[in-house]
Amino acid sequence: MIIEIRINQPLNLKHTLEWGQVFRWRKAQDWYIGVIDRSVVKLKIIDNKLIADATGKIGEERIHDYLRLDDDLNKILTLINKDKLVSSAITLFKGLRIIRQDPWECLASFICSINSNINRISKTIEKLCMKLGDPIISSYHAFPTPQAIVKAGIKGLRECGLGFRAKYLFEAAKQVEESFDLYSLVKEQTDAAISKLTQLPGVGLKVASCVALFSLNKLDAFPVDRWIKRVMITYYLRRESTIREITSFARSYFGKYAGYANQYLFHYVRTVKPRKIFQ
DNA sequence: ACCCAGGCGATTG
DNA sequence: CAATCGCATGGG
């Protein structure tokens with residue numbers, strides 16, 4: 001099914017889908033191909049239209065929702081544009097949008113991301129889906145359900161290359177299957193949602209913040225990894241700081257769209273040479 | 001070798 | 001009590 005969505009504001013699929021919010025999108029000629037929920041989706045932009053070619057029952061509403069096209073990006077970028085650094089990032093990456101993933105897929109993905117790198121995370125998740133996800137069409141599979149993860153067992157997960165993360169993912173899946181109400185967290189305040197998430201095994205502040213930002217509609221969540229930590233300390237705080245000090249500063253400095261600032265900065269410090277950032 | 005979108009439990013101060 | 005440390009693992 002082909003869906004056309006008229007877009008009247010910045011949307012850059014490369015910046016949005018390729019670098020670290022989500023790990024399953026691949027570029028094929030002029031399309032981006034990925035899986036949203038249980039549908040294989042191809043996306044491309046022609047002029048001011050987003051073209052989606054999708055299998056299954058997915059409709060315009062979910063595509064719109066996934067790319068958060070309701071976010072007024074121009075307004076958000078104006079609000080977070082507080083200094084030269086963010087301003088440069090916005091110039092380079094305008095059209096990068098926060099996306100709204102399925103919370104379980106997001107949680108599982110970021111448990112897999114612990115002390116790893118984007119390249120490896122993508123490969124691990126690919127193996128997980130291939131082995132444990134329900135087939136959709138050709139070689140595309142849905143993301144494995146918590147039940148499928150539990151059924152695979154720690155040994156089965158290790159065979160996908162999860163290493164020491166296998167037991168975290170297994171235990172988290174078990175709790176989500178049995179008692180942990182992941183999907184109700186969308187109704188909670190940001191800090192409450194994050195603190196509940198960190199009760200899960202393998203979920204610390206960083207992973208919880210990513211889940212809150214990328215799947216639970218918490219646009220003020222500010223994940224601090226080593227890249228963000230370095231740029232925040234050297235450019236903003238200008239002294240040794242804890243993760244809590246950094247997130248607290250970021251919230252007050254960038255405001256309720258701190259998560260957007262986070263993604264633009266993350267993109268920027270990973271792309272631009274350090275000496276260019278700090279002159 | 002060294003680094004990587006961190007978390008956890010043990011140890012130290 | 002908080003801060004620090006070593007470790008789980010595997011690919012580039």
Side-chain angles (χ1 to χ4, degrees), chain A residues 14-25 89 93 96-99 101 103 105-128 130-131 152-176 180 194-216 218-234 239-248 250 258-274:
Chain A
K14 179 182 176 63
H15 300 151
T16 302
L17 301 175
E18 272 192 42
W19 271 358
Q21 289 192 62
V22 58
F23 303 94
R24 297 197 66 193
W25 290 89
F93 306 121
L96 161 62
R97 309 182 73 88
I98 303 289
I99 63 171
Q101 302 177 47
E105 171 171 351
C106 191
L107 171 64
S109 298
F110 281 93
I111 290 175
C112 294
S113 81
I114 300 173
N115 193 31
S116 190
N117 53 68
I118 293 179
N119 205 295
R120 184 183 167 199
I121 300 163
S122 305
K123 285 179 180 167
T124 305
I125 291 177
E126 190 70 49
K127 285 183 207 163
L128 270 180
M130 206 65 96
K131 190 176 168 191
I154 296 180
K155 188 161 174 292
L157 297 178
R158 277 182 180 275
E159 286 166 8
C160 298
L162 265 84
F164 63 88
R165 305 160 195 85
K167 63 177 189 301
Y168 294 151
L169 183 58
F170 176 79
E171 294 294 337
K174 213 160 76 177
Q175 289 196 31
V176 169
F180 191 92
I194 288 176
S195 107
K196 286 188 181 174
L197 282 167
T198 57
Q199 291 169 11
L200 291 168
V203 181
L205 255 184
K206 159 64 171 64
V207 170
S209 301
C210 286
V211 176
L213 179 59
F214 303 142
S215 77
L216 295 173
K218 313 300 181 208
L219 295 184
D220 57 337
F222 196 85
V224 180
D225 74 315
R226 60 191 75 197
W227 293 90
I228 289 292
K229 182 176 180 182
R230 195 175 67 185
V231 73
M232 293 306 290
I233 287 176
T234 51
R239 57 179 171 80
E240 247 341 283
S241 312
T242 65
I243 305 291
R244 290 195 180 278
E245 287 169 335
I246 293 171
T247 45
S248 150
Y260 264 99
N262 180 287
Q263 284 305 287
Y264 276 82
L265 285 174
F266 179 67
H267 227 67
Y268 191 73
V269 294
R270 296 215 51 173
T271 310
V272 180
K273 293 268 184 288

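To find a chain, count down the sequence lines: A is the first, B the second, and so on, and within it residues start at 1.
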Name the nucleic acid region contacted by [X], choosing base, sugar-phosphate or nothing; use a 4.0 angstrom heavy-atom cut-off, strictly under.
X: Gly20(A); value: base
X: Val224(A); value: nothing
X: Ile228(A); value: nothing
X: Arg158(A); value: sugar-phosphate
X: Glu240(A); value: nothing

Pairing partner (Watson-Crick or G-U wobble, both distances under 3.5 angstrom) of dA5(B):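 Across all strands, not a single nucleotide pairs with dA5(B).
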query: Mind checking who dT9(C) pairs with, Watson-Crick or G-U wobble, both distances under 3.5 Å?
result: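 Result: none.
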d(CD1, Ile121(A); P, dC3(B)) in whole Å: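 Nearest whole value for this atom pair: 18 Å.
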query: Between Lys167(A) (NZ) and dC7(C) (P), how many Å, whole number?
result: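 Computing the Lys167(A):NZ to dC7(C):P distance gives 14 Å.
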query: Does OP1 or OP2 of dC4(B) have a side-chain N or O of Arg226(A) closer than 4.0 Å?
result: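 Checking dC4(B) against Arg226(A), a side-chain N or O does come within under 4.0 Å of OP1 or OP2.
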- request: Determine: side-chain N/O of Arg165(A) to OP1/OP2 of dT9(C), distance under 4.0 Å, yes or no.
  value: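 False: Arg165(A) side-chain N/O out of range (4.0 Å or more) of dT9(C) OP1/OP2.
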message: Please pick, from dT9(C), dG6(B), dC8(B), the nucleotide with the shortest atom-to-atom distance to any side-chain atom of Asp225(A).
response: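 Output: dG6(B).
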- request: When you get a sec, tell me which of dC4(B), dA5(B), dC8(B) is the closest nucleotide to the side chain of Asn115(A)?
  value: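 Of the options given, the side chain of Asn115(A) lies nearest dC4(B).
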task: Could you tell me if the ring centre of Phe23(A) sits under 6.0 Å from that of Phe110(A)?
output: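 Yes, close enough.
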task: Test Phe93(A) against Phe266(A) for ring pair (Phe, Tyr, Trp, His ring centres under 6.0 Å), laying out the working first.
output: CA-CA 11 Å; Phe93(A) 306 121; Phe266(A) 179 67; over 10 Å; no
- prompt: For atom P, what is the distance between dG6(C) and dA5(B), given to the nearest Å?
  reply: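 Pairwise P distance, dG6(C) against dA5(B), rounds to 22 Å.
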- prompt: In terms of the nearest nucleotide of DNA chain C, which residue is placed more toward the 5' end: Asn117(A) or Ile114(A)?
  reply: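 Checking each residue's closest nucleotide, the 5'-ward one belongs to Ile114(A).
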query: Between Thr242(A) and Gly163(A), which is nearer to the 5' end of DNA chain C once each is assigned its nearest nucleotide?
result: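 Checking each residue's closest nucleotide, the 5'-ward one belongs to Thr242(A).
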- prompt: Which residue lies toward the 5' end of DNA chain B, Pro201(A) or Asn262(A), if each is placed at its nearest nucleotide?
  reply: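 Comparing both residues, the 5'-ward one is Asn262(A).
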task: Indicate yes or no: does Glu159(A) engage Lys155(A) in a salt bridge with an N to O separation below 4.0 Å.
output: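 Salt bridge flag = yes for Lys155(A) with Glu159(A).
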